[in-house]
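Remember, predicted model here, so these are calculated numbers, not experimental data. Computed from heavy atoms alone, side chains included, the values below leave out hydrogens, waters and symmetry copies.
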Amino acid sequence: MVQFHEHIITELLENSNGGLVVLSSGLSLSKLVSSLLLLRSSSEGTLLLLSPSSTSLKSNITFHLKTLNPQFNQIPAEITADLPAHHRHALYSSGNAFFITPRILIVDLLTNKLPTSKIAGILVLSAHSLSETSTEAFIVRIFRSLNRSAYVRAFSDKPQAMVSGFAKAERTMKCLHVRKLHLWPRFQVYVSQELERDPPEVVDIRVPMSKYMVGIQKAIIEVMDACLKEMRKTNKVDVEDLTVENGLFKSFDEIVRRQLDPIWHTLGKKTKQLVSDLKTLRKLLDYLVRYDAVTFLKYLDTLRVSESFRSVWIFAEASYKIFDYAKKRVFHLVRSDGTKFNELSKGVKKKKRKSKVDDKDIEEVDGTSSSTLNAGLVLEEVLEESPKWKVLREVLEEVEEERQKEGMLREELFAEGEDTNNGIVLVACKDERSCLQLEECITSSPKKVMREEWKKYLLNKVQLRDIVNKKKKPKDTKPKGFGILDGVTPIAPAQNAETTSISKQEHDALLAAASKLRNVSENDHVKDTPQPDIGGQGSGKRKRKVGIRKVPVVLDALGVQNNDKEESVGNKIGMSDSKNEVNEDETNHVSACRFSEIMEEGTSVENIVLRKHINPDVAERTGKPLPPVHFYALESDQPILDILKPSIVIVYHPDMAFVREIEVYKAENSSKRLKVYFLFYEDSTEAQKFEASIRRENGAFESLIRQKSMMMIPVDQSEHCLGSNYALESDLNTLQNSVTRKAGGRKEADKEMQVIVDMREFMSSLPNVLHQKGMRIIPVTLEVGDYILSPLICVERKSIQDLFMSFTSGRLYHQVETMVRYYRIPVLLIEFSQDKSFSFQSASDIGDDVTPNSIISKLSLLALHFPRLRIIWSRSLHATAEIFASLKANQDEPDETKAIRVGVPSEEGIVENDVRAENYNTSAVEFLRRLPGVTDSNYRAIMDGCKSLAELALLPEERLAELMSGHKAARTLRDFLDAKYPTLL
């Protein structure tokens with residue numbers, strides 16, 4: 001355990017009430033929680049860990065518990081809804097630690113199935129996601145009221161989220177009923193001293209981007225800046241937040257939406273589109289440095305199709321450069337004389353062109369296949385490789401050379417038991433796709449990888465063309481596209497040249513190349529021989545960090561090797577290959593593997609993305625051997641460093657949290673040699689984003705430190721925190737001014753309001769708010785409705801998103817139908833979010849005509865079909881609580897046993913405990929209500945007066961008039977029943 005973790009645990013244990021810990025991201029929150037669990041004993045009581053939203057944190061805690069203490073047999077199990085109530089009660093009393101979902105815990109608290117006296121405390125693992133209306137705050141409030149001596153300890157490693165909004169940290173502490181805030185940033189004295197005492201050896205490699213990548217990045221930033229200027233003109237958003245640097249982060253979307261959501265319905269289409277465009281541009285910047293040229297072009301093609309008619313950015317002045325440079329990275333069109341096609345685009349229409357092309361015109365250009373089109377028009381492949389690929393290979397070659405130089409020494413140390421270098425190389429990438437592609441680059445060659453991506457791109461073009469052609473009806477028996485299918489693009493005559501655009505010819509050229517590729521057999525494919533690239537712009541500049549051990553690194557001398565060394569290298573690689581039993585086929589076939597297949601200890605971590613590569617054939621082809629490499633996707637968020645214990649880490653995509661994890665790993669294993677390579681694109685947004693993320697986190701901690709100095713947490717006489725709603729609770733006790741005529745101002749005891757709530761509704765925050773208003777919540781499983789306010793009132797609650805989905809699936813119609821059948825006052829509650837606009841759609845989007853797709857039309861039809869349905873519009877959760885309180889005024893309290901049995905069929909198939917005591921034939925009643933003259937006011941009397949529809953058909957008009965309360969309605973029904981059936985004779 002690192003020492004600053006010990007300091008944090010000591011501070012937490014000093015305060016029996018608990019506290020809130022905010023860590024820098026990457027300082028191993030899972031290890032801290034695991035160490036805390038190891039220190040507790042079962043005699044203290046049961047410890048409940050509220051299950052975090054991310055499953056990776058839970059699996060990391062379990063892994064560290066096994067690693068820190070293999071004899072520890074109290075690994076926290078998970079309590080879910082699948083366990084019966086008596087089994088859960090036994091677990092609550094066992095004294096062990098358990099993960100539990102908030103929904104189950106709050107239900108057990110409300111139904112008194114949780115023995116709170118046996119609970120030692122609660123751990124909240126994602127405190128940054130808490131709010132006053134969250135289920136976790138609801139749990140802590142009830143738990144504190146039942147057990148004042150237990151502790152609540154909350155943790156967060158997202159300091160930026162703790163400063164979003166007004167006094168977020170203070171409000172979170174009030175929700176958790178804690179008084180102590182523990183801040184542990186990276187620049188804290190204990191943390192910085194320990195992590196910088198024996199740092200890893202760091203090599204910072206700055207890779208220059210290609211000229212087209214620089215041009216694309218510059219164009220994207222120009223377009224983003226133009227969009228931000230347009231956004232500033234709206235005067236709807238705080239100007240300080242609208243910077244390009246902020247636009248590089250996902251949190252920028254949240255910042256903008258938080259300001260615009262309350263007035264979203266008043267915004268124009270252009271402003272709404274700008275918000276979406278900024279998100280798209282941020283993705284483009286990320287994908288430019290993350291993916292290869294063909295993948296980036298493919299993504300741009302999808303954007304051109306999906307956003308071309310409505311986006312703002314695509315019409316910006318610099319956006320043309322983005323598409324143009326992206327194409328130039330992959331291919332360009334030239335003529336046979338070597339001139340570029342774009343240069344002759346203006347004078348093309350004056351020249352005659354050949355309409356047919358012989359097979360001789362198909363030629364090879366620079367070793368790559370190219371189709372000669374349009375009388376000398378050639379599609380030439382560029383297939384620009386990512387500059388980082390070459391640098392990665394050079395780094396791996398350097399690593400292998402150093403391993404061979406230290407081979408003899410390492411064997412001696414290993415014999416003495418003092419080996420600190422296991423030779424494992426770990427390459428950390430952003431996502432799984434990058435891992436797959438980098439492994440292909442190493443196992444085969446970058447050129448082959450680019451060729452495969454290019455083939456997929458072209459074949460995708462053909463597939464799309466085939467789909468479009470299938471939809472079109474053939475107008476002519478003679479196929480017009482025969483030339484394209486044969487790899488030839490027929491050109492229009494000279495007089496029609498003006499209508500033929502460059503983009504059309506470019507599209508036809510791509511289709512021709514793709515069709516040719518599909519028709520050519522595998523034997524005719526051009527064989528690529530991977531050659532090691534030497535020099536060029538792939539070579540990166542290296543910088544050293546201040547205060548780090550300096551070791552000379554020479555890239556230019558990598559190729560100097562003798563034959564003896566190469567033979568020993570080959571033998572060593574062959575030995576390692578036989579040990580791990582990985583052949584070339586298995587290496588090429590990439591699949592997600594579990595750690596149990598790699599580690600001999602038998603530890604397994606679910607859902608891990610890890611790639612291992614050992615391929616001796618690369619050494620044979622290139623003459624430069626490569627070490628065994630493990631690829632790891634950062635998005636999987638697993639304790640890869642503690643499992644593999646690598647001696648060399650190559651950070652391919654820089655990530656601040658992973659850098660901190662490396663620092664913690666080195667501090668825990670100070671005797672182990674660790675070398676870290678950072679690959680940055682020079683002068684790129686990648687490096688800017690990495691540096692900005694550190695600045696943002698430091699700024700967040702500085703803000704939290706200021707908030708802590710001015711924080712006011714209310715406490716009672718016993719120094720227990722009163723929580724965020726203490727003022728509300730005191731107001732409930734002295735609600736309304738007392739009237740002097742009521743026995744000198746004596747206030748009558750208020751009757752406690754009860755609300756029956758469906759179990760599934762505890763995913764929302766409304767039960768929490770109702771409880772804050774002083775209502776008693778009774779959680780049960782309801783078949784009909786979500787909330788039962790009285791024996792007569794049943795409420796079906798719908799959020800806006802759920803309302804749209806329920807209309808689409810038809811579920812809402814069935815729910816309202818059952819409510820109308822069993823309750824006298826069925827209510828549909830449409831609940832809006834407090835921080836969003838109180839509107840379905842903006843006024844400009846509402847049309848004059850009734851359309852079946854409009855939500856307003858659907859609501860109108862629902863109200864017409866069920867006249868007794870009441871629709872309530874609620875502005876927020878608190879407004880809903882006020883509406884419920886007013887609806888319950890002068891109403892009886894609901895009966896729990898009846899509410900549970902409503903709508904549930906008995907063994908005989910009869911619905912029991914109908915509120916109106918109507919166990920009837922539903923189809924017959926629906927048929928009766930549709931007859932002429934039958935209304936909502938008289939159909940019950942008709943049902944009481946006759947037993948069946950057959951008996952109704954025989955009743956005389958006088959008897960019908962008595963039942964239907966009027967001769968006119970009776971005559972209408974009688975005439976309908978006596979009407980003759982028309983015949984054709």
Nearest heavy-atom neighbours spanning Leu634 and Ala428
CD2-CB, 4.0 Å
List in chain and number order the residues that pass ring-ring contact (aromatic ring centres under 6.0 Å, His included) with Phe658, two or more places apart in sequence or in another chain; answer none if no residue qualifies.
none
Closest non-hydrogen atom pair, Ile216 against Ala326
CD1-N, 3.7 Å
As a quick check of understanding, evaluate side-chain contact (heavy atoms from CB on, under 4.5 Å) for Val659 and Phe678, giving each step before the final call.
CA-CA 10 Å; Val659 171; Phe678 285 101; 3.5 Å; yes
Quick one: which residue pairs count as a ring-ring contact (aromatic ring centres under 6.0 Å, His included) with a foot in residues 280-303, not counting sequence neighbours?
Tyr287-Tyr291, Tyr287-Tyr299
Can you tell if the side chain of Val664 reaches within under 4.5 Å of the side chain of Leu641, non-hydrogen atoms only?
no
Is a salt bridge present between Arg206 and Glu682, judged by a nitrogen-to-oxygen distance below 4.0 Å?
no
Ser693: side-chain contact (heavy atoms from CB on, under 4.5 Å) partners, not counting sequence neighbours:
Phe249, Met656
Pro185 side chain reached by Gln188 side chain, heavy atoms, under 4.5 Å
yes
What's the spacing between Phe701 CZ and Gln160 CD if we round to 0.5 Å?
8.5 Å
side-chain contact (heavy atoms from CB on, under 4.5 Å) evaluation trace for Leu32 with Trp184
CA-CA 12 Å; Leu32 175 63; Trp184 287 86; over 6 Å; no
Would you say Trp313 and Leu284 make side-chain contact, with heavy atoms under 4.5 Å?
yes
Assess whether side-chain contact (heavy atoms from CB on, under 4.5 Å) is satisfied between Gln217 and Leu285, documenting all intermediate values.
CA-CA 7 Å; Gln217 177 180 282; Leu285 274 177; 4.1 Å; yes
Are any of the side-chain nitrogens in Glu400 or Arg403 under 4.0 Å away from the carboxylate oxygens of its partner?
yes
For the side chain to side chain contact (heavy atoms under 4.5 Å, CB included) test, which of Thr295, Val294, Asp301 pairs with Leu297?
Asp301
Determine, stepwise, if the pair Val330 / Leu383 fulfils side-chain contact (heavy atoms from CB on, under 4.5 Å).
CA-CA 4 Å; Val330 181; Leu383 301 183; 4.0 Å; yes
Got a salt bridge between Glu401 and Lys405, using NZ or NE/NH1/NH2 to carboxylate O under 4.0 Å?
yes
Could you note down all residue pairs passing salt bridge (Lys or Arg N to Asp or Glu O under 4.0 Å) where residues 653-663 supplies at least one of them, sequence neighbours left out?
Arg186-Glu663, Lys430-Asp655, Arg660-Glu697
Is any side-chain N of the basic residue among Arg282 and Asp286 closer than 4.0 Å to the acidic one's carboxylate O?
no
Do Asn60 and Gln638 touch side chain to side chain, with heavy atoms closer than 4.5 Å?
yes
Side-chain contact test, heavy atoms from C-beta onward, threshold under 4.5 Å: evaluate it for Pro628 versus Ile424 and give yes or no.
no
Indicate whether the side chain of Asp431 and that of Ser434 have a donor and an acceptor atom separated by less than 3.5 Å.
yes
To the nearest 0.5 Å, tell me how far Lys666 NZ sits from Lys675 NZ.
14.0 Å
If I compare all heavy atoms of Glu432 with all of Glu635, which pair ends up nearest, and what's the gap?
N-OE2, 3.5 Å
Which residues satisfy the side-chain contact (heavy atoms from CB on, under 4.5 Å) test with Glu194, sequence neighbours excluded?
Val2, Gln3, Phe4, Arg197, Ala667
Could you walk me through whether Tyr325 and Ser210 pass the side chain to side chain donor-acceptor pair (under 3.5 Å) check?
CA-CA 11 Å; Tyr325 291 156; Ser210 66; over 6 Å; no
Suppose we screen for side-chain hydrogen bond (donor to acceptor under 3.5 Å, both in side chains). Which residues come up paired with Lys31, at least two apart in sequence or across chains?
Asp642, Glu668
What is the minimum heavy-atom distance between Glu686 and Tyr652, and which atoms define it?
OE2-O, 4.2 Å
To check you understand the geometry: which heavy-atom pair defines the closest contact between Val449 and Cys441, and what is its length?
CG2-N, 3.6 Å
OG1 on Thr685 to CE on Met224, rounded to 0.5 Å:
8.5 Å
Is any side-chain heavy atom of Leu626 less than 4.5 Å from a side-chain heavy atom of Glu397?
yes
Does Leu438 reach the side chain of Leu392, with side-chain heavy atoms less than 4.5 Å apart?
yes
Please determine whether a side-chain nitrogen of the Lys or Arg among Arg433 and Glu453 lies less than 4.0 Å from a carboxylate oxygen of the Asp or Glu.
yes
Can you give me the closest heavy-atom contact between Ser192 and Phe187, atom names plus distance?
OG-O, 4.2 Å
